[in-house]
Amino acid sequence: MNKEPLNEKEILEELSKYKDKDLDYDDGRILGSMCTKPDPLAKEVFCDFLDSNLGDPGLFKGTQTLEEEVIADIGSFLSLEKPYGNIVTGGTEANLMAMRAARNIARDEKNITKGEIIVPKSAHFSFKKASDILGLKLVEADLDENYKIAIDSVKENINENTIAIVGIAGTTELGMIDPIEELSEIAISNDIYLHVDAAFGGFSIPFLNNIGYKLPNFDFSYNGVSSITVDPHKMGLAPIPSGCILFREKKYLNAMTVEAPYLTSKEQSTIVGTRLGAPAASTWAVMKYMGETGYEELANECMINTQFLADALKKEDFELACEPELNIIGFNHPKIPTDELAKMLEDKGWMVSTSSYPKAIRIVLMAHISHIHLTGFLASLREIKADYI
Ligand SMILES: Cc1ncc(COP(=O)(O)O)c(C=O)c1O
């Protein structure tokens with residue numbers, strides 16, 4: 001550490017050297033991220049609320065109201081009139097809270113001490129963290145031919161220790177939507193907690209369906225659904241970190257409550273103690289700024305780009321892992337190994353990711369990717385093909 005203080009100019013100059021090494025969403029080269037450039041207004045609001053602490057909400061009553069309003073507004077497009085929950089750091093923390101609530105309820109109501117959770121093989125790795133932290137056994141259900149959870153496999157894996165079933169609305173690798181209606185029926189008939197991880201799809205599926213898409217529903221209109229994760233910092237254009245956990249009933253929050261004696265609120269259900277208010281305020285701002293029509297247009301534009309790229313890839317002899325349901329595409333070339341293709345794309349400046357099941361190049365068509373970027377990407381693929389084959 002420096003002994004003498006540096007002045008502001010020196011610090012900022014030094015910092016910009018680091019920042020210059022970061023990629024910029026505007027270049028359209030980040031093709032494998034579920035995050036994107038946040039809305040400028042949301043960024044401004046974020047900075048304004050950097051000193052508000054929702055861990056001590058009696059001191060920041062205005063920000064607390066903003067959090068409650070965001071929860072209510074997100075509930076309104078997920079078919080729940082009175083949701084309970086919090087704005088948290090992202091999908092990982094939201095999923096952890098859901099699994100903690102499910103574990104505690106099963107312990108308190110059914111005396112289950114060696115809980116198991118059934119997640120699809122496609123589930124985000126945050127469930128591995130949750131099972132490790134919470135001492136729950138993770139049971140992976142198989143996928144069907146469309147990479148959605150196989151209902152038979154869920155049924156086969158249920159036993160007296162099953163404390164939760166998880167379905168995904170927008171899988172991390174391929175953007176597929178699990179059959180939540182069927183999972184809800186299973187959850188009700190077996191009296192098991194059902195959590196839906198809509199970290200990615202939560203801010204797009206409802207809006208796409210508003211404008212005529214016919215995507216499977218995943219929300220609280222199914223009575224078996226107890227909680228839903230939605231990430232404003234993915235398709236919601238909010239700055240990182242902004243995740244959201246919604247519960248159908250207050251009892252799930254109560255099941256996690258601990259005393260917080262020295263604070264203005266005498267109890268807490270969240271995992272984090274000191275909790276930044278900026279994500280709640282900036283999510284509130286971006287949701288007001290976008291409105292339903294803004295999110296409909298945004299999701300639709302991402303889907304139009306997805307369809308364009310999917311069609312173009314097929315014309316160039318690439319094979320899709322499956323027909324995209326949301327704005328994620330997995331693809332391969334029959335003659336080029338996936339990892340080699342990813343490396344060659346990276347050498348040309350394209351930051352793609354690869355999915356593990358099935359192994360494929362994975363492109364997430366977020367708001368920062370435009371048609372012109374895609375035509376450049378396709379040109380690079382053509383060059384790679386010509387050189388390789
Ligand atoms: C479906 C799903 N759930 C949860 C997460 C975890 O979200 P975060 O990285 O915000 O913690 C992700 C992240 O990509 C995801 O795709």
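Remember, it's 1-based here, ligands and their atoms both numbered in the order they're listed.
Residue Ala199 approaches ligand 1 through these ligand atoms, each under 4.0 Å from one of its heavy atoms: 2 (C), 3 (N), 4 (C). The atoms of ligand 1 that sit less than 4.0 Å from any heavy atom of Gly170 are 1 (C). Remark: ligand 1 atoms within the under-4.0 Å shell around heavy atoms of Gly91 are 6 (C), 7 (O), 8 (P), 10 (O), 11 (O). Contact atoms of ligand 1 toward Gly90: 10 (O), 11 (O) (distance under 4.0 Å to a heavy atom of the residue).
Counted by atom type alone, Ser226 and Tyr252 present one or more donor-acceptor pairs between their side chains at under 3.5 Å. Using modelled atom types and a 3.5 Å distance limit, the side chains of Asp311 and Gln307 yield a donor-acceptor pair. Judged by distance alone, the side chains of Asp197 and Thr229 never bring a donor and an acceptor atom under 3.5 Å apart. Side-chain contact of Asp219 with Ser79: a donor-acceptor pair under 3.5 Å is present, judged by distance alone. With hydrogens and angles left out, the side-chain atoms of Thr338 and Asn332 include a donor and acceptor closer than 3.5 Å. A side-chain N or O of Tyr388 and one of Glu340 form a donor-acceptor pair less than 3.5 Å apart.
At a heavy-atom distance under 4.0 Å, only side-chain atoms of Asp231, from C-beta outward, approach ligand 1. Under 4.0 angstrom from ligand 1, the non-hydrogen atoms of Asn95 all belong to its side chain.
Among protein heavy atoms, the minimum distance from atom 3 (N) of ligand 1 is reached at Asp197 OD2, 2.6 Å. The protein heavy atom nearest to atom 14 (O) of ligand 1 is Met34 SD, 3.2 Å. When hydrogens are left out, the protein atom nearest atom 16 (O) of ligand 1 is Thr172 OG1, 2.8 Å; that is the closest non-hydrogen contact. Among all non-hydrogen protein atoms, the one lying nearest atom 11 (O) of ligand 1 is Thr92 OG1, 2.6 Å. For atom 10 (O) of ligand 1, the closest heavy atom belonging to the protein is His233 NE2, 2.9 Å. For atom 6 (C) of ligand 1, the closest heavy atom belonging to the protein is His124 CE1, 3.2 Å.
More than 12 non-hydrogen atoms from other residues, nucleotides or ligands lie less than 6.0 angstrom from NZ of Lys251. For Leu50, the CG atom sits in a packed shell: over 12 heavy atoms of surrounding residues, nucleotides or ligands are nearer than 6.0 Å.
Checked by distance only, ligand 1 and Ile168 stay at 3.5 Å or farther apart across all their nitrogen or oxygen atoms.
Salt bridge absent: Glu182 and Lys148 never bring a charged side-chain N and a carboxylate O closer than 4.0 Å.
Which of Lys129, Lys234, Glu93 comes nearest to atom 7 (O) of ligand 1 through a heavy atom is settled by distance: it is Lys234.
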